[in-house]
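Worth saying up front: this structure is predicted, and the values here are computed from it rather than measured. In this chain, numbering begins with 1 at the start of the sequence shown.
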Amino acid sequence: MADPKGFMTTPRQDWPRRPVEERVRDWNEVYVPGALLPIIGKQADRCMDCGIPFCHEACPLGNLIPEWNDLVSREDWRAAADRLHATNNFPEFTGRLCPAPCEAGCVLAINQPAVTIKNVECAIADRAWEEGFAPPRPPERLSGKTVAVIGSGPTGLAAAQQLTRAGHTVAVYERDDRLGGLMRYGIPAFKMEKHHLERRLEQMGAEGTKFRTSTAVGRDIGADELRTRYDAVVIATGATAWRELPVPGRELTGIHQAMEYLPLANRVCEGDLESSPLSAAGKHVVIVGGGDTGADCLGTAVREGAASVTQLDIYALPGAERDEDAEPWPTYPVRLYRLSAAHEEARDLRTAPVADADARLFAASTLRFEGDAEGRVRSLHLVEVDARRRPVDGTGRTLAADLVLLALGFTGPDRRDGLVDQLGLELDPRGTIARDAAFATNVPGVFAAGDAARGQSLIVWAIAEGRAVAAAVDRHLTGSSTLPAPIGPYDRPMTV
């Protein structure tokens, strides 16, 4: 604890964002380059080094947060990077994309703004790359065992890196043409520029991990063939089966799933396309769904030059303070008003003059869509709902809509490639892959991890799943394992 009074004398200061008018004209990350390092030492000083650090419990990775806060305060970046990487394979991903449940569990957050844990994490990760503190770590010897990892999202990559470093020969299979899963094509570049992903992939390749892109297991290569070729198989395909909105007019042209829209915008940034076939330019856009994916669509539509953008959230407008009865400290307060970078942009640019706050209409439920003679969507009819999602009389309204994006979440693994059926995998009642306490499925030698088995979750849980399933596979192959297993398959976030 470098400064025993830091939490009393230093106010919270977050990584400043670039001006809205500047950042919406490009796809670069929203933060001011170089503005984090000058403030981060004092922010790390705010850590109280608690006797019982609940941030550990709130983070499924068990990040050693007070330790690396102290090291950053003392400017011992190498040691901080070592402590950070001891529990997290990809801290530059979580430092940018995780909603930081650790901050919700910060003891200081009981009655003050929490320590900027996420910013400190990001600063350490970036400094580690700049200073060469994240070199490849190939194994000293090979085990002779082979593992196939299906899916290159955070779970698959974390599992692959851990197993490669343990000495196994690992191949990662990805159905897209580039690696990264949703981090590649689902997350906009203004939230995380792709060079962060490329850097880790180069590190993994140098360690010995093999990559097979444009290969859908179950379609391009049989699942049974893969099972016979490898000593173990890890399924980390994510939960990519999206939820639908079965209301009248859904068949109209111009209504798309968020994960049909976002990958095209990302491909423009990758240089694959000159412009997106689903570009929001000049269109009245309505996003159905109030979560992070909806916010990603919002920021993307603003950058594409939409005429207007409105986001519908079926929940009521949340308060600015934690509801201590419903979501007491140290649980993560889901129902809390947060202003993401995309919502800040929409608010300042007034993309939705009819909105309750920023671009959002709260307690709003879609009733139907209406279109023109050519079958294109032109309007969305909605109604306000109460806490039990019952329509409130006299609250109906109509929004102009040339492009509607459905961001309603995901239910489980996509079964269209045939992987689940070819292997004969059992599913649980939620539609996700069933597994036992060792992450093993009903098929011998086949393991499941990440959103494909857990259901839609946070990136920090995805990485924790990857590390934990790697330990389970290592134990299956060798009889024992020294790899860390931060969580079990049935662990869940803290709740009341």
Determine whether the side chains of R267 and Y185 contain a donor N or O and an acceptor N or O closer than 3.5 Å. yes
Can any side-chain N or O of [X] pair as donor or acceptor with the backbone N or O of [Y] at less than 3.5 Å?
X	Y	result
W242	L408	no
E174	S152	yes
D356	F362	yes
R200	H196	no
R46	T9	no
K194	M183	yes
R175	G151	no

Could you go through K42 and I39, starting from their C-alpha distance and side-chain angles, then the distance that decides it, and tell me whether this counts as side-chain contact (heavy atoms from CB on, under 4.5 Å)? CA-CA 6 Å; K42 283 292 186 182; I39 66 173; over 6 Å; no
Distance (rounded to the nearest 0.5 Å) between [X] [atom1] and [Y] [atom2]:
X	Y	atom1	atom2	result
W461	C98	CH2	SG	11.0 Å
S365	I314	OG	CD1	4.5 Å
W68	T87	CH2	OG1	8.0 Å
I124	L71	CD1	CG	8.0 Å
H56	L61	NE2	CG	11.5 Å
W329	N111	CH2	CG	10.5 Å

For the pair [X] and [Y], find out whether any cationic side-chain nitrogen is under 4.0 Å from an anionic carboxylate oxygen.
X	Y	answer
R350	D358	no
R250	E244	yes
E198	R184	yes
E327	R322	no
R435	E426	no
E103	K118	no
R23	E344	yes
R96	E193	no
R454	E465	yes
D428	R430	yes
D176	R178	no

For L382, run the side-chain contact (heavy atoms from CB on, under 4.5 Å) check against L361, T398, T310, T395 and tell me which one passes. L361
Which heavy atom of P101 sits nearest to which heavy atom of A58, and what is that distance? O-CB, 3.3 Å
Taking it one step at a time, do H343 and Q311 satisfy side-chain contact (heavy atoms from CB on, under 4.5 Å)? CA-CA 10 Å; H343 292 120; Q311 184 179 7; 2.8 Å; yes
Does the structure place the NZ or CZ of R303 under 6.0 Å from the centre of the six-membered ring of F190, at an angle of no more than 45° from the ring's axis? yes
